[in-house]
Student: 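Quick one: structure below, then a few questions.
Below, read A as the first sequence line, B as the second, and so on, with proteins coming before strands; counting in each chain starts at 1.
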Protein chains: 2
Amino acid sequence: MGLFGKKPLKIGLIGLGKIAVDQHIPSIRGNKHLELVAGCSPHTRPEGVKAYPDMDAMMTAHPEIEAIAICTPPQIRHKIAKEVIAIGRHVFLEKPPAATLGEAEAIKALAAAKGVSLLASWHSRFAPAVEATRKWISEREIKSITIHWKENVRQWHPGQAWIFEAGGIGVFDPGINSLSILTRILADAVMVKKADLHIPVNCDAPIQVEMDMMTEVGFPIRAEYDFLQTGVQTWSIFVESTAYEKLTLSMGGTELEIDGRTLIKQKEAEYAGLYAHFHDLIRAGKSDADFSPLRIVADAMLLGKRIAAPEYIE
Amino acid sequence: MGLFGKKPLKIGLIGLGKIAVDQHIPSIRGNKHLELVAGCSPHTRPEGVKAYPDMDAMMTAHPEIEAIAICTPPQIRHKIAKEVIAIGRHVFLEKPPAATLGEAEAIKALAAAKGVSLLASWHSRFAPAVEATRKWISEREIKSITIHWKENVRQWHPGQAWIFEAGGIGVFDPGINSLSILTRILADAVMVKKADLHIPVNCDAPIQVEMDMMTEVGFPIRAEYDFLQTGVQTWSIFVESTAYEKLTLSMGGTELEIDGRTLIKQKEAEYAGLYAHFHDLIRAGKSDADFSPLRIVADAMLLGKRIAAPEYIE
């Protein structure tokens, strides 16, 4: 298809923490169209990756790098993205794309002006049962959607203190995955109507959230986020049609059940899908930068009621 | 100019509270291209205005109304705007345009689809010294901008309890006026970097805010908002160039001082300017819906540090 004979796209990583090691490095290595050249981080040195203390050192040693994935915490993503775009490299942004909508929009404008590809990634959109869910919904009149996204922060985010700092968005960090699926499976815009934000007295971001949303068509969407779930996590979206049909998308989008029958149950390979998408965008000279999941979080923080929750200590 | 001989544009008001009485009614009456036909409100009956309990009653009695200004609290603006657009009338939204960015974007999409004009109004942009400030900045390298927007909530917002409720945005309600000026006088995008939000223990919205912003070019912007100012209010923006020139835009944009010399000192006529703009938009078949001031507030609420402030009792 025109890619035959093309050399693999050369990728560098900025940020070599948990998500880089768990997902980015194996996904790049598993894609024959991509080549992981090097990474940089002030601290971390994952085995088998050529690592440099910062981007300048990495790019001086490897000017052949064509595209860069930014896997740092969101608070510094805008500054780094700006530097990456300034040297004309394509950008893969981990989720959420930036600390604010203003920063995200600024990155988008800079990438467009420089003519590089930008992927604001939402890995959950690449879960195996998301597309079937989108199709099912598009063929029905929907009565309601309920989201339960509950996990143990101590298990899933060990040492990630930034998650509860200002700009870290707390339980919205996993919750935004459900919103990235929601905004993909619905054709209609989603609006926040009410949010209860439970914020530990020693933190700046919520640890539990109950949120009521509505679509323009008018059916209700309820989301319950909980970072203090123990035992097995729950990453489920329940959809009911006005004809009382029931769809359950569970395990983060990997399992699909309709009216009690399991139709899809697959291992996730989200980052493989993301990186294939990133490669396609670059080869096509396009970008994919939809910030609607972050807008929903910002809107929840804008109009939400703050409720003091007990101190959180990891 | 082609308008000669045209009949005045027929306007209806939804919401007949303080801002309608203080600004909308006299401004519409002062514009010969406009005609105030009627208004509606469940409670208020301002003298000299034909008033109905709700929009349906108003439109049944006066189907000739062509455009509607929505002067309700922001929490219900989206719902009303949707109804107004559905019957094909042009929309003037008081500021802020809606309770959330999602609602604001939805209104914009609906208006575009229906082919009606939408004005998301920011009255302070029509203050007499704003344009001269914009021009001065455009001709210089700027070193810093400082905003002091301080007023007594008890004096300026009597009885407006909604302002401290979830979605009411608190001291950002006046503060967003400074942001509407800021986003007009700068060509560059503005990003929130840090915000301290002082929220009374019995309220859901801040009463004092200190916020650090930055432009893409990289100079700092500091904003200090205070709802507990007593005595004279302060609505000032201080601009300093890298050549140490100093501009002060004060009294909400009505006074301009450069290097100690007063260049402009005029009475405000912002709503007159807004209504002239609304009329021009409708005659030209255009809209003006820039939500960047609300996006800055949402971003501040997204990444701001919440600090408990003493109970607020009006």
Student: With only heavy atoms counted, which part of A:Arg306 is less than 4.5 Å from chain B, the side chain, the backbone, both or neither?
Tutor: both
Student: Under the ring pair (Phe, Tyr, Trp, His ring centres under 6.0 Å) criterion, do B:Phe227 and B:Phe164 qualify, and how do the steps go?
Tutor: CA-CA 11 Å; B:Phe227 239 162; B:Phe164 283 119; 5.7 Å; yes
Student: Going by atom types alone, do A:Arg295 and B:Thr100 pair a side-chain donor with an acceptor below 3.5 Å?
Tutor: no
Student: Run the salt-bridge test on A:Lys193 and B:Glu103 with the 4.0 Å N-O cut-off and return the result as yes or no.
Tutor: yes
Student: So for A:Leu294, is it side chain, backbone, both, or neither that comes closer than 4.5 Å to the heavy atoms of chain B?
Tutor: side chain
Student: With a 4.5 angstrom heavy-atom cut-off, which part of A:Lys194 approaches chain B: side chain, backbone, both or neither?
Tutor: neither
Student: Under 4.5 Å heavy-atom distance to chain B, tell me which part of A:Leu101 shows up: side chain, backbone, both or neither.
Tutor: both
Student: Is it true that A:Glu151 and A:His157 share a donor-acceptor pair across their side chains at a distance under 3.5 Å?
Tutor: yes
Student: Of all of A:Ala189, A:Ser292, A:Ala106, which one pairs up most often with chain B through heavy atoms under 4.5 Å apart?
Tutor: A:Ala106
Student: Regarding B:Arg125 and B:Asp288, does a basic nitrogen lie under 4.0 Å from an acidic carboxylate oxygen?
Tutor: no
Student: Which atoms of A:Met191 come close to chain B, meaning under 4.5 Å heavy atom to heavy atom: side chain ones, backbone ones, both, or neither?
Tutor: side chain
Student: Is a donor from one side chain sitting under 3.5 angstrom from an acceptor on the other, for B:His198 and B:Glu210?
Tutor: yes
Student: Chain B heavy atoms under 4.5 Å from A:Glu105: which part of the residue, side chain, backbone, both or neither?
Tutor: side chain
Student: Less than 4.5 Å to any heavy atom of chain A: does that hold for the side chain of B:Ile169, its backbone, both, or neither?
Tutor: side chain
